[in-house]
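One structure below.
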Amino acid sequence: MKEMKTTYDPKSFEDAIYARWLKKGAFRAKIDPQKVPFTVMMPPPNITGQLHMGHAMDETMQDIIVRFKRMQGYSVLWQPGTDHASLATEHKIVEKLREEGTTKEELGREEFLRRAYAWKEQYGGRIVEQLKKLGCSCDWDRLAFTMDERCSRAVREAFFRLYDKGLIYRGSRIINWCPDCKTALSDEEVAYSEDAGSFWYFNYPVEGSEEVITIATTRPETMLGDTAVAVHPDDARYKHLIGKTLILPIVGRKIPVVADEYVDPEFGTGAVKITPAHDPNDFEVGLRHSLPMIRVLGDDGKVNAEGGKYAGFDRYEARKRIVAEMEELGLLVKIEAHTHNVGHCHRCNSTIEPIVSKQWFVKMAPLAKPAIDAVMKNKTKFTPDRFAKIYYNWLENIRDWCISRQLWWGHRIPVWYCEDCGAEICSREDPAVCPKCGSAHLKQDEDCLDTWFSSALWPFSTLGWPEETPEYKYFYPTDVLVTGYDIIPFWVMRMMFSGLRYTGKVPFRDVLIHGLVRDEKGRKMSKTLGNGVDPLEVIEKYGADSLRLSLVTGVAPGNDTRYTETKVESSRNFINKIWNAARFVLMNAKDVQVPADLTGIKLTPADRWIISRLMATVREVTISLQKYDLGIAADKLTAFVWDDFCDWYIELSKPALYGGDPERKRAALGVLMYVLKETLKLLHPFAPFVTEEIYGYLPGTEGEIINARYPRYNSKFAYREEAKAFEGVIGLIKAVRAMKVSVNCPPAKKVHLYLVTDARRLISVNKNSILRLAGASEIDFVERGAAAGEKTVSQVTEIAHIFIPLGELVNIEEERARLTKELDRVIGEIARADGKLSNKNFTTKAPKKLVDDEYAKRDKYLEMKKKIEQQLESL
RNA sequence: GGGGGCGUAGCUCAGUUGGUUAGAGCGCUUGCUUGACAUGCAAGAGGUCGCAGAUUCGAGUUCUGCCGUUCCCACCA
């Protein structure tokens, strides 16, 4: 057998272990009627993407859940894939073309797409390799892509069904336009920020009068498209002007003054310029008053022909010039500084222009309702449940979804227009001729679909829907979706209404929401700030297991967390700890095999204690994982491994290992190995690599830990009473250690213990361990402390009153101080217990067990008090 | 304007359905080359759980109000 290295060195085995899992097909999902399926859909990362800390946490959480379920015996499918990320990818390629001195228009659609696919081939697999580094156990054989044949077919079907029912329509509406990406965006793709701007006050002259009306605007260039000025119908200042005509300066257009409730008389001047083609509110006003819509900005963000002499100027240049001209005309009243919320493109951060434009929309109201109901009825549950509220909030206020994008990289809208009769055709298959007039002159819509239209189908499109494939029947609906709260509006909500609409079922039963990984100072990690930490570098330095553990420990569901290297170090230290614990066990084991179970091993109280603790840990970890409390599960495991197993049990086992009694040694090794093996299994979902590596060193284990059965709680091994009694031994050892420290006794100096106790049997059985761990030379049972001599230190514990004669080592004053402090504490406890017990309400209303416990506690403390007082006296 | 989150040890954070003496990691103090591990061991110090009320036998935990902080949505041109 190979020797384990002295320190944990993840680089020496992680890649090899991953390769072995792949080779053995350990991640492969199988349709097995004997098993219960468990399905998780990986949120498909963008093909443009690189693994960042947010992914690392998201994927780690999924891998933990998936490995746990796999070990529990479920037939697990963790479906991986990538997203074509229409806008993000096209943006990147366009940028590259610009560097090459060309444009997509110059290349043409066909050549552009060829380039895009080439780009995808080159970079699209990058993130997949990075996920492997992290240890993700997804079924790579089923790797999907949102633009592959399966997914494309599902997109076509979904579009057709909605179109067929009138839920997809084409219309001219105000949409969010990004002049840089030159495409429409959905409301969700616009991010608002408080930007510093100005408020320009302009005078518009009233026709046939000396009067003017003062309006205020934040976007002067839009005045070119003004078709009215609105005032509040009850506003006394303007009442007489309603119905009058204004001369729009610069342009010279005659525009009416209209009355509309929308105007807030308190804000600005109480008079609002109305530009129906460039503002959502103005658009509504325009509709109410049948105002003309004049678009003055082109798709490139430049003033168009409607802008007269300003045609061709960029929107900001036009703004400057228009303000200057207004000033020259004496119509500029004032300029105020004004911060206001400005929309920015989610992708390129350019300022969004609201523009009226002909686009495709999904009617949301009929889709939102079932999606709300499904969560209300608990068909899908959010964890933590507060996110359900956020979900409702989104769906209740949702507006129709603009799904067309003026992009080439994506799913082209499956609608054709007949050039002869003008018919609009949407069909499942590409039409050859117009079904209305038979003409062959058909032209497909130029636009692509919003990426999220295809992502919304992910839970079932990857399984072959609309076909009733065996996969679809077995693995759908999925079990849990893991994602960040920032993705709820983009994706979770859209998968919900899509799933319900197309499959009649919720796409997942649970939604586990997590927070963001922030930097050490609590800031969002971002490219512009340059504060992002590359998970791959962390893996390189500390190993994937350390990174994984550090991303889930001490994290509460749904809360943001800060990444610090210190946390990774702590996790690494922990893993090193278990590495060395294993090394210790194996060094002593030699030819001993891991026992299959505990039957046939003669157990000591210490053995029963650690087994009891193991069982408690199995239960706690299992329950926590089932509730998706990964942080709690990790904490419980860490505490068990480090405190109980390493710091106590291994030390307790040493007398048996070194004592020379082969039978006892074998028994101790049996327990050590059994507990170690079970612990590795418990830990495997969190730290898959190191547990698999150590598992491979254990003699007598077969196969891989990834396929091992997750430990199950067995009440037979709970040993409740015995474990509790043994805690008394631990208390005794801790007390002796503390006593030695308190009187400055060197740790190496062995002390003689005199014990007044009822637990002689328990102590005798564990004598060797107590001597070793407490640093004692001898234990004597006595009736009274006086037997220990005149100068002693003493301490009362659960199971014994300890006396140690320390001769010259005793510092009387320090000892007196220590005892006095202890006495104060005990008196405080008695007062607390008395207070509770003298309260009739407590004794009558609280559960009996609590009251009894309180009595027992008070008696114990009274006893301790008496002993401490005696001791103080004797000093 | 609407809706969340957070406020607990010096720092970063946990804290299950209300129930022993409120926990962890890091940092700090003291001691230790204890036959796995100094990426370690032992013993400690450190908290009016943001403030004020309420409910309860009992509140870090439930309710109300307030203060601070932060995020999301909506938005007045």
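We name chains A, B, ... by the order of the sequence lines, and we start the count at 1 in each one.
- Figure legend. C63(B) is base-paired to G53(B); pairs are counted as Watson-Crick or G-U wobble with both atom distances under 3.5 Å.
- Comparing the same atom, P, in U48(B) and in A22(B) gives a spacing of 12 Å after rounding to whole Å.
- Rounded to whole Å, the C1' atom of G27(B) lies 33 Å from the corresponding atom of G18(B).
- Between A77(B) and His278(A), no contact under 4.0 Å exists linking OP1 or OP2 to a side-chain N or O.
- For residues 569-583 of chain A, proximity to RNA chain B is found at Ser570(A), Arg572(A), Asn573(A), Asn576(A), Lys577(A), Asn580(A), Ala581(A), Arg583(A), defined as any non-hydrogen atom under 4.0 angstrom from a strand atom.
- Within the structure, a side-chain polar atom (N or O) of Arg562(A) is placed less than 4.0 Å from OP1 or OP2 of C13(B).
- Interface remark: the Glu651(A) side chain does form a donor-acceptor pair with the A36(B) base, using a distance-only criterion of under 3.5 Å.
- Between Arg737(A) and A43(B), a side-chain N or O to OP1/OP2 separation shorter than 4.0 Å is present.
- Across the C1' atoms, G15(B) and U20(B) are found 16 Å apart, a figure rounded to whole Å.
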Could you list the protein-to-nucleotides 45-47 of chain B atom pairs, N/O on both sides, closer than 3.5 Å?
{"from": "A45(B)", "atom 1": "OP1", "to": "Lys821(A)", "atom 2": "NZ", "distance (Å)": "3.4"}

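- Nucleotides G10(B) and C66(B) are separated by 29 Å at their P atoms, to the nearest Å.
- The separation of G65(B) from G23(B), taken at their P atoms, amounts to 32 Å, rounded to a whole angstrom.
- For the pair Tyr658(A) and A36(B), the criterion of a side-chain N or O lying under 4.0 Å from OP1 or OP2 is met.
- Using atom P as the reference point in both C71(B) and C13(B), the two lie 14 Å apart (nearest Å).
- Atom name P, nucleotides G44(B) and A38(B): the rounded distance is 24 Å, in whole Å.
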Tabulate atom names and distances for all N/O pairs under 3.5 angstrom spanning the protein and nucleotides 70-72 of chain B.
none

